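As the structure is a prediction and not an experimental result, all values here were calculated from the model. Residue numbers begin at 1 in each chain, while the letters A, B, ... track the order of the sequences.
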Amino acid sequence: MKTSDIPNALIDWFARSGRALPWREDDFPAWGTLVSEFMLQQTPVARVIPRLAEWLERWPTPADLAAEPSGEAVRAWANLGYPRRALWLHRAAVQITEEHGGVVPRDVPTLLALTGVGDYTARAVAVFAYGDRHPVIDTNGRRVIARAIHGQAEPGPPRAAADLADMAALLPEEREAARDFNVAIMELGQVVCTARSPRCEECPIRSACAWVGAGSPEYFGPTKTVQATYAGSDRQVRGLILRELRAAHLPVTGVEISGLWADRVQLDRALAGLLADGLAVESQGGYVLP
DNA sequence: AATCCGTGGTT
DNA sequence: TAACCAAGGAT
């Protein structure tokens, strides 16, 4: 197999063994695609599936969500993590309702103007919801390209323009094939060409893989910045506070919050951060979701 | 441009 | 078990 055979080989493989995920169903609404992409930003597929179903049942359209306080979005976000995304999704729903007649935009630049929508999400919606032809590149696709094309074990830090150009160079001309390839390369990166212990024996493009061809050399190059230890971090403290606000339907008092964490300085910093981010607001001598 | 932002499963 | 990792985005 040659490099130029990779797109079709992945499309065929996906048709055979791609998983049936909710957002891959026929006639899945564009709003559902947008919500799923927000939820999938740094949160694994398995944890998103149940929350997405609840969300779309409660808020079937952007206008339904926009009509509620943003705190309800934060509450429904539950334990998906990075709750700012819930706030941003609510804001995007308001923008869609007020500026786009309640219809999820189709153009990439218009999508990019929505709060919380970046380069990946904008293209994902244009391609997966509307079937347009654009390269979509995420962490999975970057890893597949790093290995199969560049012969490197890891992709290194993201470089937006170069990553997009790599994907564009592989993208089939025809719309439907382009969409299918975009989905397939992400799926391969997620279930076969994984970050740790890739399953090369099962890989449909193994015979074209530059990395395998080079003997699967170790990665040497710029490394990603390591994620700070979670235990004891501000993130953990913010999470503890927000968990209380989500569970409560009355204001949470300062006394109740002070019982959540021993380090008063860190606790105050975390609470101030939540207030600054708009994830918490003062009300009646306590704190509530916005 | 480097850092910050949650949470829980996997190795 | 500690470290790694996850369909990123904003500042």
Side-chain angles (χ1 to χ4, degrees), chain A residues 14 18-19 21-24 28 32-52 74 77-89 91-92 111-129 134-144 154-161 163-164 167 179 182-191 193-199 219 222-246 269-270 272-274 276-280:
Chain A
F14 183 81
R19 295 167 300 172
L21 298 172
W23 44 89
R24 291 176 179 165
F28 200 70
T33 301
L34 183 66
V35 174
S36 73
E37 295 299 348
F38 264 83
M39 290 183 169
L40 288 164
Q41 291 168 6
Q42 298 287 280
T43 299
V45 166
R47 224 183 318 159
V48 164
I49 290 174
R51 296 291 88 75
L52 176 66
V74 175
W77 199 256
N79 64 342
L80 290 178
Y82 291 152
R84 296 195 287 197
R85 290 180 292 162
L87 225 43
W88 293 340
L89 179 53
R91 200 168 304 156
L111 284 160
L112 279 171
L114 299 174
T115 307
V117 173
D119 215 37
Y120 164 77
T121 303
R123 292 161 180 281
V125 171
V127 172
F128 304 147
H134 304 283
V136 181
I137 189 70
D138 75 332
T139 186
N140 294 302
R142 284 181 3 90
R143 186 170 53 248
V144 172
E154 294 176 29
R159 287 169 37 252
D163 295 339
L164 220 43
M167 190 63 187
R179 182 202 58 199
N182 276 314
V183 178
I185 195 170
M186 288 167 58
E187 179 87 349
L188 187 82
Q190 202 174 136
V191 305
C193 195
T194 52
R196 288 181 290 182
S197 314
R199 309 155 176 261
Y219 177 72
T223 55
K224 293 174 286 191
T225 55
V226 291
Q227 193 170 321
T229 306
Y230 183 64
S233 66
D234 283 7
R235 287 149 95 152
Q236 183 186 17
V237 182
R238 286 169 58 109
L240 288 172
I241 297 171
L242 209 53
R243 178 189 300 270
E244 288 298 305
L245 300 192
R246 267 193 254 111
R269 187 169 63 232
L274 291 173
D277 290 345
L279 282 165

Counting any heavy atom closer than 4.0 Å, what does [X] reach on the DNA or RNA strands: base, sugar-phosphate only, or nothing?
X         : value
Gly118(A) : sugar-phosphate
Val136(A) : nothing
Arg246(A) : sugar-phosphate
Pro158(A) : nothing
Arg238(A) : sugar-phosphate
Gln236(A) : nothing
Thr121(A) : sugar-phosphate

Any donor-acceptor N/O pair under 3.5 Å between dG6(B) base and Ser233(A) side chain: no

base_contact_polar (dT7(B) base, Arg235(A) side chain, donor-acceptor, <3.5 Å): no

Tell me: [atom1] of [X] to [atom2] of [N], nearest whole Å?
X         : N      : atom1 : atom2 : value
Tyr230(A) : dA6(C) : OH    : C1'   : 15 Å
Gln42(A)  : dT7(B) : CD    : P     : 14 Å
Asn79(A)  : dG9(B) : CG    : C1'   : 12 Å
Tyr82(A)  : dA7(C) : OH    : P     : 13 Å
Gln41(A)  : dG8(C) : CD    : P     : 7 Å
Asp234(A) : dT7(B) : CG    : C1'   : 16 Å
Leu80(A)  : dG8(B) : CG    : C1'   : 11 Å
Asp277(A) : dG9(C) : CG    : C1'   : 13 Å

Step-by-step side chain to side chain donor-acceptor pair (under 3.5 Å) determination, Arg143(A) to Asn140(A): CA-CA 5 Å; Arg143(A) 186 170 53 248; Asn140(A) 294 302; 2.9 Å; yes

Distance in Å, Asp277(A) CG paired with Arg84(A) CZ, rounded so as to fall on 0.5 Å steps: 5.5 Å

Spatial distance of atom CZ (Arg238(A)) from atom CG (Leu279(A)) [nearest 0.5 Å]: 6.0 Å

Residues, nucleotides or ligands: over 12 heavy atoms within 6.0 Å of Arg24(A) CZ: yes

Nearest atoms (heavy-atom pairs only) where Tyr219(A) meets Gly156(A): OH-CA, 3.5 Å

Dump every N/O contact between nucleotides 1-5 of chain C and the protein below 3.5 Å, one line per pair.
residue: dC4(C); atom: O2; partner: Arg196(A); partner atom: NH2; Å: 3.1

Worked check of side chain to side chain donor-acceptor pair (under 3.5 Å) between Glu37(A) and Tyr120(A): CA-CA 9 Å; Glu37(A) 295 299 348; Tyr120(A) 164 77; 2.9 Å; yes

Separation between the P atoms of dA7(C) and dA2(B), rounded to whole Å: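 Approximately 24 Å lies between the P atom of dA7(C) and that of dA2(B).
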
5′-ward residue of the pair Thr225(A)/Gly81(A) relative to DNA chain B: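 Going by which nucleotide is closer to the 5' end, it is Thr225(A).
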
Along DNA chain B (nearest heavy atom to each residue), the more 5'-positioned of Arg84(A) and Arg243(A):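 Upstream on the strand: Arg84(A).
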
Name of the residue among Leu89(A), Leu87(A), Leu245(A) meeting side chain to side chain contact (heavy atoms under 4.5 Å, CB included) with Val74(A):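 Per the side chain to side chain contact (heavy atoms under 4.5 Å, CB included) rule, the option paired with Val74(A) is Leu87(A), out of Leu89(A), Leu87(A), Leu245(A).
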
Residue pair Thr43(A) / Arg51(A), side-chain heavy-atom distance below 4.5 Å: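 They are not in side-chain contact.
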
